[in-house]
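One structure below.
In listed order, ligands and their atoms are each counted from 1.
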Amino acid sequence: MPELPEVETIRRDLAAHLGATRPRIARVRTSAAPLRQPPHAALAPAAAEGARIDAVDRHGKLLLVRLSHPDGPRTLCIHLGMSGRLLVDAPDHPRPAHTHVEFVLSAGTCLRYVDARRFGSVTVVAGLPGGDDLGLGPDALATPWSRAALRAAIGGSRRTIFDVLLDQRRIAGLGNIYVQEILHRAGVDPRAVAGRLRARGLDVIAARIHPVLRAAIARRGTTLRDYRDASGRRGGNAPHLSVYGGAGAPCRCGAILRGTKLSGRSVTFCPRCQRLGRPRRIAAR
Ligand SMILES: [Zn+2]
């Protein structure tokens with residue numbers, strides 16, 4: 001699933017492509033197959049027709065395309081779900097299979113939303129909502145993380161730190177890949193109870209969030225299978241992952257990475273490097 005670094009790569013691609021031209025959305029075409037409906041009240045993609053594109057923002061994993069519409073400002077909200085792609089293309093190029101929404105732009109190009117599994121969403125909302133208006137927590141990249149900021153986001157949760165960092169209402173933008181990478185770099189056990197983490201654990205997590213995300217953005221994101229940038233190219237970060245998907249392989253410390261299941265997801269961690277916050281009942285075994 002695309003996470004913050006992948007969505008930010010697409011955002012930068014779109015912003016560079018649109019530049020200062022502020023193209024108009026001349027026509028919107030949608031397929032008959034329905035996409036997922038997001039929790040916030042929203043209009044169909046056709047409500048973007050006739051609008052000018054002013055800017056491309058992002059909050060967490062959500063792309064927010066700001067529009068000037070004759071009826072007032074609107075925002076095109078795009079969530080890539082599990083397998084969504086947003087491609088800049090020529091309108092006369094054949095549409096890829098699973099193209100669900102197409103925005104034909106006055107600049108002579110088009111934006112195509114392609115999604116084989118249809119877990120993504122493409123909707124329009126009135127006004128210029130921020131992440132909190134859409135039920136999202138603080139953005140993982142825009143927020144200056146500190147012990148206090150992280151503690152405020154986590155609260156006293158009794159869930160695992162792995163689970164809490166994935167919760168978009170607490171921190172927006174992190175998913176399965178980058179939570180595992182951040183916890184590994186921080187030396188924190190993914191099974192740690194979030195609300196019981198001490199100062200040291202919070203400090204190292206707060207210090208690792210930005211470096212892990214920035215390094216992945218610099219490599220244009222992680223492609224495991226589906227993710228592509230706005231030009232259809234793969235990201236280059238996958239070979240640089242330290243733990244994700246690596247159970248049974250050696251950690252850089254030499255210990256063998258271990259796999260476990262948390263909240264139904266496969267999680268990999270290093271039993272030697274990631275000791276901070278390890279629950280006592282596990283440590284005693
Ligand atoms: Zn290790």
Side-chain angles (χ1 to χ4, degrees), residues 1-6 8-9 61 140-141 143-147 149-151 153-154 157-167 170-171 173-225 227 234-285:
M1 173 193 280
E3 303 179 27
L4 188 152
E6 292 74 43
E8 176 63 14
T9 300
K61 305 177 195 173
L141 189 62
T143 305
W145 292 110
S146 62
R147 185 193 306 173
L150 197 55
R151 208 194 289 278
I154 289 173
S157 175
R158 301 180 64 106
R159 291 149 64 200
T160 64
I161 185 64
F162 171 77
D163 219 11
V164 168
L165 292 178
L166 283 180
D167 185 342
R170 293 179 184 268
I171 297 177
L174 305 180
N176 205 2
I177 296 175
Y178 296 105
V179 166
Q180 293 187 42
E181 294 296 310
I182 288 164
L183 291 176
H184 181 253
R185 308 286 167 92
V188 172
D189 192 309
R191 301 164 295 182
V193 177
R196 290 207 192 128
L197 274 174
R198 300 205 179 142
R200 170 87 187 124
L202 294 169
D203 284 347
V204 281
I205 294 172
R208 294 296 176 261
I209 294 175
H210 285 183
V212 167
L213 295 178
R214 288 210 180 105
I217 292 168
R219 298 183 188 114
R220 304 186 56 76
T222 301
T223 297
L224 298 174
R225 193 174 50 187
Y227 166 70
R234 301 167 67 91
N237 193 56
H240 300 273
L241 297 176
S242 301
V243 277
Y244 181 84
C251 176
R252 63 187 173 195
C253 76
I256 298 299
L257 294 172
R258 193 184 294 169
T260 187
K261 282 265 184 196
L262 293 175
S263 308
R265 295 165 189 263
S266 298
V267 180
T268 305
F269 67 100
C270 174
R272 188 189 287 167
C273 294
Q274 295 177 253
R275 292 170 188 259
L276 282 174
R278 184 172 298 169
R280 273 208 202 98
R281 61 185 162 76
I282 293 174
R285 262 187 234 154

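- Judged by distance alone, the side chain of E6 and the main-chain N or O of T222 form a donor-acceptor pair under 3.5 Å.
- Judged purely by atom type and a 3.5 angstrom limit, E181 has no side-chain atom pairing as donor or acceptor with the backbone of V212.
- Of the possible polar contacts, one joining the Q274 side chain to the V188 backbone as a donor-acceptor pair under 3.5 Å is found.
- V267 places none of its side-chain heavy atoms less than 4.5 Å from the side chain of L183.
- Here 4 is the count of protein N, O or S atoms positioned under 2.8 Å from the Zn ion (ligand 1), waters not counted.
- Counting only residues at least two apart or in different chains, salt bridge (Lys or Arg N to Asp or Glu O under 4.0 Å) contacts with residues 252-269 are absent.
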Worked check of side-chain contact (heavy atoms from CB on, under 4.5 Å) between I177 and L224:
CA-CA 10 Å; I177 296 175; L224 298 174; 3.5 Å; yes
